There are 2 protein chains.
Amino acid sequence: MSETAARRRATMVEVAHAAGVSVMTVSYTYGRPERVSADTRARVREAAERLGYPGPHPGARSLRRGRTGTLGVVLGEHLTYAFDDPQATRFLSGVAGVCADHGMALTLVPITGGPSDVDRVTEAAVDGFVVWTTADDDPVIDAIAATGLPAVVHGGPRRDGLSFVAVDDRAAAEAVGREVFAGARRPAVLSFPLDRDRISTVTFGAATAGTVPGAASGIDPDATTAGAASGIDPDAATFRVTRRRLLGFRDAWAKAGGEWSQVRVAVCSINSAREAEALAAELLTGPDACDAIAAMGDELALGTLRTAARLGFAVPGDVTVSGWDDTDAAAPAGLTTVAQSLRDQGARCARIALGRLTSTDRDAEVAWNLVRRASTRRSQRRRAQP
Amino acid sequence: MSETAARRRATMVEVAHAAGVSVMTVSYTYGRPERVSADTRARVREAAERLGYPGPHPGARSLRRGRTGTLGVVLGEHLTYAFDDPQATRFLSGVAGVCADHGMALTLVPITGGPSDVDRVTEAAVDGFVVWTTADDDPVIDAIAATGLPAVVHGGPRRDGLSFVAVDDRAAAEAVGREVFAGARRPAVLSFPLDRDRISTVTFGAATAGTVPGAASGIDPDATTAGAASGIDPDAATFRVTRRRLLGFRDAWAKAGGEWSQVRVAVCSINSAREAEALAAELLTGPDACDAIAAMGDELALGTLRTAARLGFAVPGDVTVSGWDDTDAAAPAGLTTVAQSLRDQGARCARIALGRLTSTDRDAEVAWNLVRRASTRRSQRRRAQP
DNA sequence: CTGTTAGCGCGTTCAT
DNA sequence: ATGAACGCGCTAACAG
């Protein structure tokens, strides 16, 4: 029982017939009730009820009207990241808020990492796209541009014809990097994935930028191997956000007089505290244990703090730690971090994609600021912000 | 620059014309490439490229084919809950996983709590619906049933014609309730909202079931007031999950020889650790501080644990605490809880709504089990599970 | 392998 | 206030 197999819908013609009116009268009854006399309206409603007519077919209606009433969201990751990745979740909450305000639905396009992802994008019946951080070489970007629909990319890549929303990750990374690396001797970066391969590694910065063969592509497997062997070249990272943050951290360490090749870089494959705990354990083990860890997300930083506590490291005495995002958990944990609102950025993206923001507003910079707390050593000092 | 206003799409006829072939040849080139000679295919592709044709119009295609390629999800809450509520997020991750497996998109229908929500459901172009816990009196349920599309309700309400997925909340609540209330003298329940009004209160169980006027409706404002004054009547809760868990906790306390009117009930308005901390503070303050708190979610329980720690209460010495869901944070916190996988249940709902589960499978019970940990006193003993 | 026919269900346009 | 015609853009079904 309670069989839910789709039964055939009644159509407008049938309702019109049953009510003894024309099809248009039925259409008006639903779309513009005021243009139909109360009497006929009642007759139509009654006939509809009797036939189990559920109202105008949404697909047919949208074909005719030329809009679908839903905003497409494309992730650079498997669809489940929308609900599993804490940063994506905050961002999408902002998108969802704006959608709800405008009565628009939110369609998550099913990305799996496979080659057919492009087709899924092409087949999505939506009025616009919001793209959540993807790699420079992701083919769905071109597919989205080809639809001609309004589209906004968050985080990267930049592309002509698509709007773009992101903070200045490089500047923010330099700011927090200078904070967390202050007085450090063995700095480390706990990084997001470099490219869509999402390989987890722990290695050092490339000795010299440019010495890594094939560094620019990030696709050539040999290049990847070479990169892992001889160090991380920020420019080889095809995720723009990761790349810019690596560059910013490199800048910060350079300002302190250091070489990028001294910086250990642990790359996690997903943004989870659990994986961070494991990688942090590597960074904090052995005679060369790191004494400063800049993480690209608060979740990673919190995992790092837990590992530090477990291994008996004092923070910031033995090791300093910084995060990114200033999530709710950051303040209680005393975590120095970059404050930015992914929720606001999501809302902003949605507004742009729905055509609710003028083009002058659109390219405005997105705000961020450094929040100094107890997990870094200079937290007591008040310093002007760059 | 980078103007993204929607420009007119080229159509198939235009491409056919430009390529010097019939419309069907263009259609086949996209839908069934193998039926077209490599030569014509190339000509068509080339013409399409030249005209900027982005491929078949998704709306038109779906109208013709009779399916949309997307699964609708309806929340009993504002759309943003999909990303803000940790339980909803886990559930939706399961839904998303199945969608991705089948190349289906996931459309979140924009629920705002307003009266137009029904129209939004009716206008959603989807192939089926998954409904996440809503109130018995929510009108969208009827609207969904009226579409005739396959639909599954998670948590409640039950309705003829719609599939239903949920654990036996009452039995599970009784099981964990007996554990957490064991040896207690002043038990409390930290509850999810009772109905769509989401009023936050702290009060006692109704002295006697049935003495609360209008208890069955939950809509009548007088009844609500009376209910708040004279106590919580589980049967008045219109969220089925909440109702069944309250009943189960009442059962558990009754088995211990207690009266429902002795049980303090704190109702939170949203499922967040932060609100739980505040309510737990109320429960743990004053001369009648509670000594056993059964929470309806792990997040609520973890907030409770934090407050207990802050106020200097030993767990389980001074107060026992239980949660629900066995989330990742439960084990490290030593939290006794009901283990169930919302992710699995989400996947199950999606499969049903997509017609991938036989009707015999569909009504199978969903698994749960009690996990005893250090936050309750009987955690050492091994007892047979009911 | 390619073309022809005939709609999918509705809403804009123009008439009455 | 109501109706008739037409087409939104595409594809199943059947030729040829």
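To find a chain, count down the sequence lines: A is the first, B the second, and so on, and within it residues start at 1. Since we're looking at a predicted model, the values are computed, not measured.
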Quiz item: Is A/Y53 touching bases, backbone alone, or none of the nucleic acid, heavy atoms closer than 4.0 Å?
Solution: sugar-phosphate
Self-check item: DNA chain C contacts made by residues 11-22 of chain B, counting heavy atoms under 4.0 Å
Solution: B/V21, B/S22
Quiz prompt | Interface residues of residues 31-46 of chain A with DNA chain C (non-hydrogen, below 4.0 angstrom) | solution =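 Contacting residues: none.
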Quiz item: Should the heavy atoms of other residues, nucleotides or ligands under 6.0 Å from CD of B/E49 be counted, would the total exceed 12?
Solution: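 Check fails, neighbour count at 12 or below.
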Quiz item: With a cut-off of 6.0 Å (strictly less than), are more than 12 heavy atoms of other residues, nucleotides or ligands near NE2 of B/H17?
Solution: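 Counting other residues, nucleotides and ligands, NE2 of B/H17 stays at 12 neighbours or fewer.
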Euclidean distance, atom [atom1] of residue [X] to atom [atom2] of [N] [Å, nearest integer]:
{"X": "B/R64", "N": "C/dC8", "atom1": "CZ", "atom2": "C1'", "answer": "5 Å"}
{"X": "B/R67", "N": "C/dC8", "atom1": "CZ", "atom2": "C1'", "answer": "13 Å"}
{"X": "B/Y30", "N": "D/dC10", "atom1": "OH", "atom2": "P", "answer": "10 Å"}
{"X": "A/M24", "N": "C/dT13", "atom1": "CE", "atom2": "C1'", "answer": "10 Å"}

Practice problem: Check whether any side-chain heavy atom of A/R240 sits under 4.5 Å from a side-chain heavy atom of A/P157, and report yes or no. | Solution: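 Not touching, per the 4.5 Å side-chain cut-off.
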Can you tell me if the side-chain N/O atoms of [X] get under 4.0 Å from OP1 or OP2 in [N]?
{"X": "A/R9", "N": "C/dG9", "value": "no"}
{"X": "B/T25", "N": "C/dG3", "value": "yes"}
{"X": "A/Y28", "N": "C/dC10", "value": "no"}

Exercise. Using a strict cut-off of less than 4.0 Å between a Lys/Arg side-chain nitrogen and an Asp/Glu carboxylate oxygen, indicate whether B/R351 and B/D101 qualify as a salt bridge.
Key: no
Exercise. Tell me, with the steps shown, if B/L354 and B/H102 meet side-chain contact (heavy atoms from CB on, under 4.5 Å).
Key: CA-CA 9 Å; B/L354 294 176; B/H102 296 292; 3.9 Å; yes
Quiz item: Looking only at atom types and distance, does a side-chain atom of B/R90 sit under 3.5 Å from a main-chain N or O of B/L342, one as donor and one as acceptor?
Solution: no
Quiz item: Can you check whether A/T89's main-chain N or O pairs, donor with acceptor, with A/S93's side chain at less than 3.5 Å?
Solution: no
Exercise. Go through the steps for B/W132 and B/I111 under the test side-chain contact (heavy atoms from CB on, under 4.5 Å), then give the verdict.
Key: CA-CA 12 Å; B/W132 163 254; B/I111 296 298; over 6 Å; no
Quiz item: Considering only C/dG7, C/dG9, D/dA4, which nucleotide approaches the side chain of A/L63 most closely?
Solution: C/dG9
Quiz item: Between C/dG11, D/dA12, D/dC10, which one does the side chain of B/P56 approach most closely?
Solution: D/dC10
Exercise. Assess A/R196 against A/F239: is NZ or CZ under 6.0 Å from the centre of the six-membered ring, and within 45 degrees of the ring's axis?
Key: no
